[in-house]
Amino acid sequence: MEIVTIGLLLKWDSLRSSISSVSLYLGIVLWMMMELHSQGRSIEDIEACLKKMPIDSQVIEAIKSAKSLGCDLKIVSDANQFFIEKILEQHDLLDCFSEIYTNPTSVDENGNLRILPYHSDALAPHSCNLCPTNLCKGIVMDHIRSSSSSSSSNDQIPTRFIYLGDGGGDFCPTMKLRECDFVMPRTNYPLWKKISDNSSLINADVKEWGNAEELQRILLQLVNTITKEE
């Protein structure tokens, strides 16, 4: 909807021919950025649209409450650095997250937004057949777990994770979770459907949610439960 307000008309025949082997989403965004630039739209125009992106007030409250309760919040997303940071900045949420794992961005000398794959082309391709070539969230999940284990002051108490998502790309990292972890899939969205169809592959405790009120309530209940147990 916001893209329409800055004059972008999606031409699907052209779009299909220009998308590479990276994720469909990343390919579409790359194409849109080129189209917008060709129409004379600036990086400031794009940023102005991102600042109009709403986030439900209960989601904002849930993020800030989880942070205040001591959670180390991280984002793993197949979006891109520029989009995520600008939206979070607008809602005063950027400082709530210690790390953001996503496709990096830069602005070139002509003011065009460039989006690169998270997994650099210089590296050997990952072997996961569940994820797009540009980002395997399961590999990122392994990295986060390894980092949290090495930095933990108590080896006897493993770091517990709450993974919240809705997309099909969230299934790979969900399979990395342990019995002491939680996954929060959005009801009737791709992750929820994949978990429902492949429940034997999931070790984590599944807590589904359908709206912002449920997300906030369930997330904070889990955080409080983990805090008391530790």
Output the distance between atom CG (Leu220) and atom CD1 (Ile162), rounded to the nearest 0.5 Å. 9.0 Å
Passes side chain to side chain contact (heavy atoms under 4.5 Å, CB included), Leu130 versus Met175? Steps please. CA-CA 11 Å; Leu130 296 174; Met175 292 194 296; 3.2 Å; yes
Just by distance, do the side chain of Ser38 and the backbone of Glu35 share a donor-acceptor pair under 3.5 Å? yes
Indicate the atoms forming the closest heavy-atom contact of Ser77 with Ala79, along with that distance. OG-N, 3.0 Å
Give, for atom CE of Met184 and atom CG of Asp166, the distance between the pair rounded to the nearest 0.5 Å. 11.5 Å
Considering all heavy atoms of both residues, which atom of Ile55 and which atom of Ile87 are nearest to each other, and what is their separation? CD1-CG2, 3.9 Å
Please indicate whether Asn110 has more than 12 foreign heavy atoms, meaning atoms of other residues, nucleotides or ligands, lying under 6.0 Å from its CG. yes
Are any side-chain N or O atoms of Glu214 and backbone N or O atoms of Gly210, one a donor and one an acceptor, separated by less than 3.5 Å? yes
With a 3.5 Å distance limit and no angle check, can you tell me whether Asn211 reaches the backbone of Glu213 through a side-chain donor-acceptor pair? yes
Please check if the number of heavy atoms outside Asp108 that lie under 6.0 Å from its CG is greater than 12. yes
Test item: Leu88 and Ile100 side chains (from C-beta on) under 4.5 Å apart, heavy atoms: yes
Rounded to the nearest 0.5 Å, what's the gap from CG on Leu36 to SG on Cys49? Could you check? 8.5 Å
Salt bridge (charged side-chain N to carboxylate O under 4.0 Å, His left out) against Arg160, all qualifying residues, sequence neighbours excluded: Glu229
Under 3.5 Å, is there a donor on one side chain and an acceptor on the other for Asp170 and Tyr163? yes
Would Val29 and Leu113 count as a side chain to side chain contact (heavy atoms under 4.5 Å, CB included) here? Give the steps. CA-CA 10 Å; Val29 174; Leu113 180 65; 5.9 Å; no
Quick one: do Phe182 and Leu222 satisfy side chain to side chain contact (heavy atoms under 4.5 Å, CB included)? Show the steps, please. CA-CA 8 Å; Phe182 298 91; Leu222 294 179; 3.6 Å; yes
What pairs with Lys74 under side chain to side chain donor-acceptor pair (under 3.5 Å), at least two apart in sequence or on another chain? Asp72, Ser98, Glu99
Please give me the minimum heavy-atom distance between Leu191 and Gly167, naming the atom from each residue. CB-O, 3.4 Å
Side chains of Phe171 and Ile202: closer than 4.5 Å at any heavy-atom pair? yes
Residue pair Asn203 / Leu177, side-chain heavy-atom distance below 4.5 Å: no
Pair listing, ring pair (Phe, Tyr, Trp, His ring centres under 6.0 Å) test, anchored in residues 62-97, at least two apart: none
Working to the nearest 0.5 angstrom, can you tell me the gap between Ser65 OG and Leu219 CG? 9.0 Å
Report the C-alpha separation of Lys64 and Glu61 in whole Å, then their side-chain angles, then the decisive distance to 0.1 Å, and conclude whether the salt bridge (Lys or Arg N to Asp or Glu O under 4.0 Å) test is met. CA-CA 5 Å; Lys64 291 184 175 180; Glu61 291 173 9; over 6 Å; no
So, do Lys67 and Cys71 sit near enough that their side-chain heavy atoms are less than 4.5 Å apart? no
Looking at every heavy atom in both Leu116 and Asn103, which two are closest together, and how far apart are they? O-CB, 3.1 Å
Check whether Asp181 reaches the backbone of Phe161 with its side chain - one donor and one acceptor, N or O, closer than 3.5 Å. yes
If every non-hydrogen atom of Leu73 is compared with every non-hydrogen atom of Cys96, which pair is closest and at what distance? CB-O, 3.6 Å
Rounded to the nearest 0.5 angstrom, the CE-NZ distance for Met141 and Lys176 is 10.0 Å
Would you give the length of the straight line joining atom OG1 of Thr105 to atom CE of Met33, rounded to the nearest 0.5 angstrom? 11.0 Å
I'd like to know if the side chain of Thr187 reaches the main chain of Trp209, judged simply by a donor and an acceptor atom lying under 3.5 Å from each other, with no hydrogens or angles considered. yes
Minimum heavy-atom separation for Gly138 to Cys172, with atom names? CA-SG, 3.6 Å
Once side chain to side chain donor-acceptor pair (under 3.5 Å) is applied, do any residues pair with Glu44, and if so which ones, sequence neighbours excluded? Ser42
Tell me the side chain to side chain donor-acceptor pair (under 3.5 Å) pairs involving residues 190-200, sequence neighbours left out? Trp192-Glu208
Going through the distances and angles, do Val183 and Ile195 end up as a side chain to side chain contact (heavy atoms under 4.5 Å, CB included)? CA-CA 10 Å; Val183 58; Ile195 291 175; 4.2 Å; yes
Can you tell whether the side chains of Arg145 and Asp142 come within less than 4.0 Å, N to carboxylate O? no
Side chain to side chain donor-acceptor pair (under 3.5 Å) with Lys207: which residues, sequence neighbours excluded? none
Using a 3.5 Å distance criterion without hydrogens, assess whether the side chain of His119 forms a donor-acceptor pair with backbone atoms of Thr133. no
Give a yes or no on whether Tyr189 atom OH has more than 12 heavy-atom contacts from other residues, nucleotides or ligands under 6.0 Å away. no
